[in-house]
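Single-structure report; data block below.
These values consider heavy atoms only, across backbone and side chains, with no hydrogens, waters or symmetry-generated copies.
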Amino acid sequence: MHEIRLLFRKDFFILINNIKLILRNPLRLLPYGALIGYFTFIYWQGSKRRQEAGLRDVQDLRSEGMPETDFAMQNVIGGITLLALGFLVFQLYRATKNNVSFFKMADVNLLFTAPVKPENLLLYYMARSILPSLGGSILFMVYSGSQMASQFELTIGIALFLIIGFALFFFMIFPIRFLIYTLHTKYGVMEYIRGGIIGLGVGLALMIMIPGFMAEKFWQGMFSWVSSPWFDLFPFVGWSRGIMSYAAHGNALLSAAFVGLYGLTYFAVVKLVIQYAGYYYEDVLEATKSNEDKLDKVRGKQEVDEGTYSLNAKKQLALPDFGAGAKAFYWRNYVHSSRQDFHPLFGIYSLSMAGIGIVMAGLSNFDWFSHKVLYFYLLFMLFLYFMAGLGRANIGDLKKPFFILVPASWSAKFWNMIKLDIVQALIFATVLIVPSVFLAHVSLGLIPLFLVGIVVFYLIGFAVNLIPQVALDEGWDRKLIKPFMIGGIFLFGIIPTVILSVLIFIITKQFVWTLFTCVAGMTLVAAILLHVSLDVLKRLEFKEM
């Protein structure tokens, strides 16, 4: 207990020092003040609208007879529940790949070497990890409360249960992940745990698909089970929903019971972790260092490399002899992509982005929102691949000195360097656009246009960043000439195409013709830039890109 008090005293002095730093430079509080002012203004406007509209007359609603099922509200609740379930299953699956850490590198260097019981350190830092969850839940509550102020009045009780329900869900995930990895370290049962998690995901998917197929319309029945009140008994996701549903039913005892379930679960997890964790220092060192490196890359203290955001970094591959020459670049990228995601051609990242677009297409067909939302998402995907092309010139083969030593033509090396990216883009675009077009009942011409467009935008982004890096030497040439080169590409190539596409949309009101104009213009720009890229690529030497 004395050690716990000392750890608490340490964090207290850290908090005091941070407050002193803020007092020395109060300008740091300006962004937070602006954020609070924005939320306050939105909440005040929503409250004003609610008071002007008045409360609903419950007696009038009851006089109309038994209300029908509100499918819109059911699907909203079911959709939010589905997102939480997907996040939970994904985090549990991540626990089978790598450990979770509650520590910083400063803790590793100071506390791990101190004469402190490892059990007390783990208990304290595991309990302290609820603070970030509480901070995020408060921010979420303030934002959502300000946006929903016109629908209900945000009382102290409602705000308290919203914060608790949101915070406990994210807080409990990390002790559970730590326990999973601990059991694997102790008994080597990872394959059984992984199979159980996959089975859980399949079972949850069936809970959506089966009632959907049984209903008259799929979208009317797909969330009938997961949005029903009994699903509040489902661990973590249902418990948090039961706590936060206090805003609807006002039963504090029921919400407090779900908080009690969280408390019992946390107690059981802590007992199991302390019993089986043993000397856990070595297990968390790698996770702690990895977390620290990610923070440094976000802050700009470290350069972003190819392994950043890898979901399967430790995957071992047994590839056959794939030959020599420029093909080696393709297979090198294939190995890297296999570790970046769970499949080298179509993984979790691609599946998630494609799934969002398909859901938007399906909902737009049910008049939940306009097709313009789907069109905007498609344009955003084109822009995202343009940005991916920009970043591709900064990492990968061009950063390696062996690029110029491979005995192959420059065109062959250039093609094999980006071949896997092109294949991935085409597979992703096909999975996204084909179901979306048929679900939303939009023009079939979007299919070939989007397939060509996503490749063209990637190539433009790649060439825009590649040409100045290769053509210009280090020093003032890049600092002075590079902005003019990139500005010229945008001013005389990209911007005129975008303006012409907007004019075509204003005239025709048809997105397919807008996309056709954009893709046609961008294809011409890409052809010119690729010709220049192949020409300047021959000047690549041993130098830092």
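The side chain to side chain contact (heavy atoms under 4.5 Å, CB included) check on T508 picks up I504, Q510, W513, with sequence neighbours excluded. Qualifying side chain to side chain donor-acceptor pair (under 3.5 Å) partners for S245, counting only residues two or more places apart in sequence or in other chains: H249. Among residues two or more places apart in sequence or in another chain, the side chain to side chain donor-acceptor pair (under 3.5 Å) test is passed with S240 by Y262. Among residues two or more places apart in sequence or in another chain, the side chain to side chain contact (heavy atoms under 4.5 Å, CB included) test is passed with Y375 by H371, V442, L446, F511. The side chain to side chain donor-acceptor pair (under 3.5 Å) test applied to R194 returns E191, not counting sequence neighbours. For F161, the ring pair (Phe, Tyr, Trp, His ring centres under 6.0 Å) partners at least two apart in sequence or on another chain are Y246. Listed by chain and number, the residues in a side chain to side chain contact (heavy atoms under 4.5 Å, CB included) with L530 are F414, L459 (sequence neighbours excluded). Residues that satisfy the side chain to side chain contact (heavy atoms under 4.5 Å, CB included) test with L82, not counting sequence neighbours, are I208, F223.
Residues T517 and L503 form no side-chain contact, since every pair of their non-hydrogen atoms from C-beta on lies 4.5 Å or further apart. Counting heavy atoms from C-beta on, the side chains of I427 and V423 come closer than 4.5 Å. Side-chain contact between I77 and V226 is absent, with no heavy atoms from C-beta onward closer than 4.5 Å. Between I198 and Y93, some side-chain heavy-atom pair lies under the 4.5 Å cut-off.
Atom CD1 of I197 is separated from atom CD of Q91 by 11.0 Å, given to the nearest 0.5 angstrom. Between the CE atom of M387 and the CG atom of L382 there is a distance of 14.0 Å, given to the nearest 0.5 Å. A distance of 15.5 Å separates CD1 of I460 from OH of Y385, quoted to the nearest 0.5 Å. Taken from CG in L233 to CZ in F258, the straight-line distance is 5.5 Å, to the nearest 0.5 Å.
Judged as a side chain to side chain donor-acceptor pair (under 3.5 Å), not a single pair has a partner in residues 518-532 (not counting sequence neighbours). Applying the salt bridge (Lys or Arg N to Asp or Glu O under 4.0 Å) test to residues at least two apart or on different chains, the pairs with a partner in residues 224-234 are D232-R241. Within the structure, salt bridge (Lys or Arg N to Asp or Glu O under 4.0 Å) contacts touching residues 447-460 (residues at least two apart or in different chains) do not occur.
Between F166 and F170, a ring centre-to-centre spacing shorter than 6.0 Å is recorded.
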Distance-only criterion, 3.5 Å: show the donor-acceptor pairs between side-chain atoms of residues 492-501 and protein atoms not counting sequence neighbours.
from, atom 1, to, atom 2, distance (Å)
T497, OG1, G493, O, 2.9
S501, OG, T497, O, 2.8
S501, OG, C518, N, 3.2

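By the 30° and 60° cut-offs, the orientation of the rings of F462 relative to Y458 is parallel.
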